[in-house]
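Heads up, the thing below is written out as structure tokens.
Values reported hereafter were calculated over all heavy atoms of this structure, with side chains retained and with hydrogens, waters and symmetry mates removed. Convention: sequence-line order gives letters A, B, ...; per-chain numbering from 1.
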There are 2 protein chains.
Amino acid sequence: MCFSSHCECPGFRVERFLQPCLLLCLAIRSSHGYELMERLKHFLLEDESPDPGLVYRTLRKMEEDGWVSSEWVTEASGPAKRIYTLTGEGKTVLRLWAEHVRRQVLRLQRFLEEYEKLQREGEHHG
Amino acid sequence: MCFSSHCECPGFRVERFLQPCLLLCLAIRSSHGYELMERLKHFLLEDESPDPGLVYRTLRKMEEDGWVSSEWVTEASGPAKRIYTLTGEGKTVLRLWAEHVRRQVLRLQRFLEEYEKLQREGEHHG
DNA sequence: ATCACTTATATGCAAAATGCACATATAGGT
DNA sequence: ACCTATATGTGCATTTTGCATATAAGTGAT
């Protein structure tokens, strides 16, 4: 069993939360994949870092779905960057995600409540 | 796009959260799959209901891992039931899950904070 | 006794999600 | 020429998932 850095708890892997974090980052300001990987760390836990493959694929998928749009920028130094910008539809999706996340927080808190209730009961009898 | 009952937000499907909920239910008291499907609803959102296939498979997997143990009970009316009981190792896993969930709540709250900050800024300028 | 229904456990399988390794290319420094 | 940092992607095996289906035992009605 390994529960520290690479834990067996499957529910909340980084990637599952990647989409809304990308949308939020882009809502704050337009950005490209490589930069987003850095900006995403704000939403991750200490040791985590986002998978580049997944970041780029998720951005492409969201563009396909019309949630973001992109354009190449070659003026700056270094390799060309694909700058992503949130669309109106993307803003809607982000709002829905936020509502979804709020409900999930309540759900997780209900779980913790029940767990802590059980702990207290255990103390009383033990 | 469909965001109501069957939403595109992938991060928090019922099943991803199934394992810790099952462990918690069993920590409260031993139970069998069919009953657990009812008891699980306490941890789900309104319209959700757990997939039977996944419930049974998850229970079997957890038994394989030594987190729960099971025995057949045929005395009661109706078909035989496989009663699952949390093991010592299962209790440990549940505790680790609870810690994990606590961290995830913080993470989700950070997301919501940033989202709401953005909303407030939007209001000021708009 | 047979038919429908509820209880109860489980399998099959296609599709989606995931992790990790790898490929490609530009620019800057030494 | 070579290494590193920046930047964007692909390939692929494995895991997770949702949904449909199979199996079987008891219960109640006709």
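- A donor-acceptor pair under 3.5 Å links the side-chain atoms of A/Thr87 to the main chain of A/Gly66, judged by distance alone.
- Comparing B/Ala76 and A/Ile83, the nucleotide of DNA chain D nearest to each residue sits closer to the 5' end for A/Ile83.
- The aromatic rings of A/His100 and A/Trp97 sit perpendicular, their planes meeting at an angle over 60°, well past the 30° parallel limit.
- Rounded to whole angstrom, the span from the CG atom of B/Leu40 across to the P atom of C/dA8 amounts to 15 Å.
- Atom-to-atom, CD of B/Glu75 to P of D/dA25 comes out at 16 Å; the value is rounded to the nearest Å.
- If you measure from atom CG of B/Leu36 to atom P of C/dA10, you get 12 Å, rounded to the nearest angstrom.
- Relative to the side chain of A/Pro79, the nucleotides C/dT7, C/dA25, D/dG9 differ in distance, and C/dA25 lies closest.
- The separation between B/Tyr56 atom OH and C/dA8 atom P is 8 Å, rounded to whole Å.
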Salt bridge (charged side-chain N to carboxylate O under 4.0 Å, His left out) assessment of B/Glu114 paired with B/Lys117: CA-CA 5 Å; B/Glu114 290 295 318; B/Lys117 191 162 82 182; 3.6 Å; yes
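- Distance NZ (B/Lys81) to C1' (C/dA10): 16 Å, rounded to an integer number of Å.
- The two residues A/Ser31 and A/Arg39 make their nearest non-hydrogen contact at CB-NH1, 3.3 Å.
- Taking atom OH on A/Tyr34 and atom P on D/dA5, their separation rounds to 8 Å, with Å as the unit.
- Side-chain atoms of A/Asp51 lie closest to C/dC20 of the nucleotides C/dC20, C/dA8, D/dG18.
- Between the CE atom of A/Met62 and the P atom of C/dA17 there is a distance of 13 Å, given to the nearest Å.
- Between B/Phe17 atom CZ and D/dT17 atom P there is a gap of 13 Å when expressed in whole angstrom units.
- Contact detail for B/Leu86 and B/Trp67: the closest heavy-atom pair is CD1-O, 3.6 Å.
- Side-chain proximity of A/His32 to D/dT27, D/dC19, D/dT8: nearest is D/dT8.
- Across all strands shown, A/Arg57 has heavy atoms under 4.0 Å from base atoms, whether or not it also approaches the sugar-phosphate.
- Within the structure, a side-chain polar atom (N or O) of B/Arg60 is placed less than 4.0 Å from OP1 or OP2 of C/dA10.
- Each of A/Pro52 and B/Tyr84 was matched to the nucleotide of DNA chain C holding its nearest heavy atom; the match closer to the 5' end belongs to B/Tyr84.
- Listed nucleotides: D/dT8, C/dA8, D/dG18. Nearest to the side chain of A/Trp72: D/dT8.
- Along DNA chain C, the nucleotide closest to B/Met37 and the one closest to A/Ser77 are compared, and the more 5′ of them pairs with B/Met37.
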